[in-house]
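Below is a structure I'd like to ask you about.
Please read these numbers as outputs of a predicted model, since none were measured by experiment. Note that the numbering runs from 1 along the sequence shown for the chain. Both counts, for ligands and for their atoms, begin at 1 and track the order of listing.
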Amino acid sequence: MLELYHSGRTTCSRKARLCLAEKNLDYVSHYVNLGAFEHHRPDYLKLNPNGVVPTLVHDGTAITESTFINEYIDEVFPDPPLRPSDPVLKARMRVWGKLADENGLSAVRVPTWSRTKKAGMEALKAKGDFEAVIARIPLKDHRDKYRLIAGEGFSEADFADAYAKMDDIYAKTEKALADGPWLVGEQFTLADINMLPFVVQFAAYRPELLDPADHPRTKDWHDRCMARPAVIKTYSPSEEAPERPPQSQPAA
Ligand SMILES: N[C@@H](CCC(=O)N[C@@H](CS)C(=O)NCC(=O)O)C(=O)O
C-alpha cells in the first residue's frame, strides 16, 4: 500500500503528487496541515525526522525527500519510465532535481512564507505559545526562518536573492529547452516533474517570467506540461489539495 503525507499545494508536495499521478498510482492521502504545525508532531516526526512534507510510506516503510521519493516511485513502479536509461541524461536529470531542491525551494520560500505564515506567528505570539511551538521544529534553519517571519520578516536582500535564483532557473530552463522538447531532451522525465512546481509558483509571484517574449521555450514547455492529464489532476482543487487546509486533527 502507498500512503502520501503531504500538504496538498506546496511545491514539494506537488512534486510527489505529480509523479504518482503520472504513474496513475492509487495511494492513501494524508493531509498534513502546516499552519497547525502537524508536521512537527511526534507521530509525524517518526516518519520524517526533519518535520517537512512530503513523506511517502510504502508498505509501512517511510521514504523522505521529494526528489528521492520520485526516484523511488520510478524504480519500484517503472511504467511509464520517468528516468532516462542513458547515464548522461540520467545525471542531467539529477542536476535538475538538485537545482529544484536547493535554489528552487529557497527562492520560493521567501515570498511564500512572507505571505502565508506571518498571521499565524502573530497569533502564536499573542497566545504566548510561540517559543514552545518553535522549539519543536527539528531544522535549525526552519526555526530561524520562523523567528524571522515573526519579527522583521525577510529583508530586501533576501527578496533580491530569491528573485535572482528565480531568474537563474528560468534562464537555465530556457537554455535547456533549445534541445527539448523536455528538459533533458526527447523524454518527459523527473526533471520536468521536479522543476514544474517551482516554475509555476515563481510565475504566480512574478507573472512576467512566463512572458513568451522573454522565455518563449519555457512558456511553451509550461503550457505543454500543464495540459498533461496528470498535471491537470494535480493542479485542480480537490479533497487532497483544498483551497484552505481542513480542520486540524487533535495531536496524537
Ligand atoms: N528537501 C525537502 C524539503 C521539504 C520541505 O521543506 N517542504 C516544505 C513544503 S514545500 C515544508 O515541509 N515546510 C515546512 C513548513 O512550512 O514549516 C523535500 O524536497 O522533501
Open item on the list: Geometry only, no angles: is T11 polar-contacting ligand 1 at N/O separations under 3.5 Å?
Closed with: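 No, since none of the N or O atoms of T11 sits under 3.5 Å from an N or O of ligand 1.
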Task: Nearest-contact summary for atom 7 (N) of ligand 1 - protein heavy atom, Å - done: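 Result: V53 O, 2.9 Å.
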Open item on the list: Is the ring pair W182/F188 parallel, tilted or perpendicular, if the boundaries are 30 and 60 degrees?
Closed with: perpendicular
Open item on the list: Within the 4.0 Å heavy-atom shell around T10, which atoms of ligand 1 are there?
Closed with: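 The list of qualifying atoms is 9 (C), 10 (S).
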TODO: Mind telling me whether W113 and Y146 have parallel, tilted or perpendicular rings, with 30° and 60° as the class edges?
DONE: tilted
Open item on the list: With a 4.0 Å cut-off on heavy atoms, is Y146 in contact with ligand 1?
Closed with: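 Yes, that is the case, since the closest heavy atom of the residue is under 4.0 Å from the ligand.
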Open item on the list: R83 and side chain to side chain contact (heavy atoms under 4.5 Å, CB included): which single residue from T189, D74, V184 fits?
Closed with: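 So the option named by the test is D74.
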TODO: Decide whether the shortest distance between a heavy atom of P54 and an atom of ligand 1 is less than 4.0 Å.
DONE: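 In this structure, P54 qualifies as a contact of ligand 1 - some heavy atom is under 4.0 Å.
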TODO: Go through Y72 and E65 one step at a time and tell me if the side chain to side chain donor-acceptor pair (under 3.5 Å) criterion holds.
DONE: CA-CA 10 Å; Y72 176 85; E65 291 293 328; over 6 Å; no
Task: Heavy atom of the protein closest to atom 1 (N) of ligand 1 (residue, atom name, distance) - done: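 Among all protein heavy atoms, the one nearest atom 1 (N) of ligand 1 is E65 OE1, 2.6 Å.
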Open item on the list: Quick check: C12 and ligand 1, any N/O pair under 3.5 Å apart?
Closed with: no
Open item on the list: Below 4.0 Å from ligand 1: does a non-hydrogen atom of F68 turn up there or not?
Closed with: no
- [ ] Examine distances only and state if a side-chain atom of K165 and a backbone atom of S106 form a donor-acceptor pair shorter than 3.5 Å.
- [x]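 A pair under 3.5 Å: no.
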Task: Contacting atoms of ligand 1, where contact means under 4.0 angstrom from a heavy atom of K117 - done: 15 (C), 16 (O), 17 (O)
Task: Shortest heavy-atom approach to atom 13 (N) of ligand 1 - which of H142, K145, R9 - done: H142
- [ ] Spell out, yes or no, whether I193 and I73 are grouped together once hydrophobic residues are joined by side-chain heavy atoms under 4.5 Å, including indirect joins.
- [x]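 No, it is not one cluster - the side chains of I193 and I73 are not joined through contacts under 4.5 Å.
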Task: Check: H222 ring centre within less than 6.0 Å of Y170 ring centre - done: no
Task: Atoms of ligand 1, numbered as shown, that sit under 4.0 Å from any heavy atom of H39 - done: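 Atoms satisfying the 4.0 Å criterion: 14 (C), 15 (C), 17 (O).
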Open item on the list: Here's a test for you: under salt bridge (Lys or Arg N to Asp or Glu O under 4.0 Å), which of D101, D141, D158 qualifies with R109?
Closed with: D141
Open item on the list: Main chain of L2, side chain of H58: is a donor-acceptor contact present, judged purely on distance under 3.5 Å?
Closed with: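 No.
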- [ ] Run the numbers for me: atoms of ligand 1, each under 4.0 Å from some heavy atom of S66, listed by number.
- [x]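 Contacts of ligand 1 toward S66, numbered from 1: 18 (C), 19 (O), 20 (O).
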Open item on the list: Could you check whether any heavy atom of L105 sits closer than 4.0 Å to an atom of ligand 1, since that is the contact criterion I want to use?
Closed with: yes
TODO: Check whether any N or O atom of T67, backbone or side chain, sits under 3.5 Å from an N or O atom of ligand 1, and answer yes or no.
DONE: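 T67 vs ligand 1: no N/O contact under 3.5 Å.
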Open item on the list: Would R136 pass as a cation-pi partner of F37, given that its NZ or CZ must be under 6.0 Å from the six-membered ring centre and within 45 degrees of the axis?
Closed with: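 Not satisfied by the 6.0 Å and 45° rule.
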Task: L34 neighbourhood, listing ligand 1 atoms whose heavy-atom distance to it stays under 4.0 Å - done: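 Those qualifying, in numeric order: 16 (O).
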TODO: Please state whether R109 comes within less than 4.0 angstrom of ligand 1, counting heavy atoms only.
DONE: no
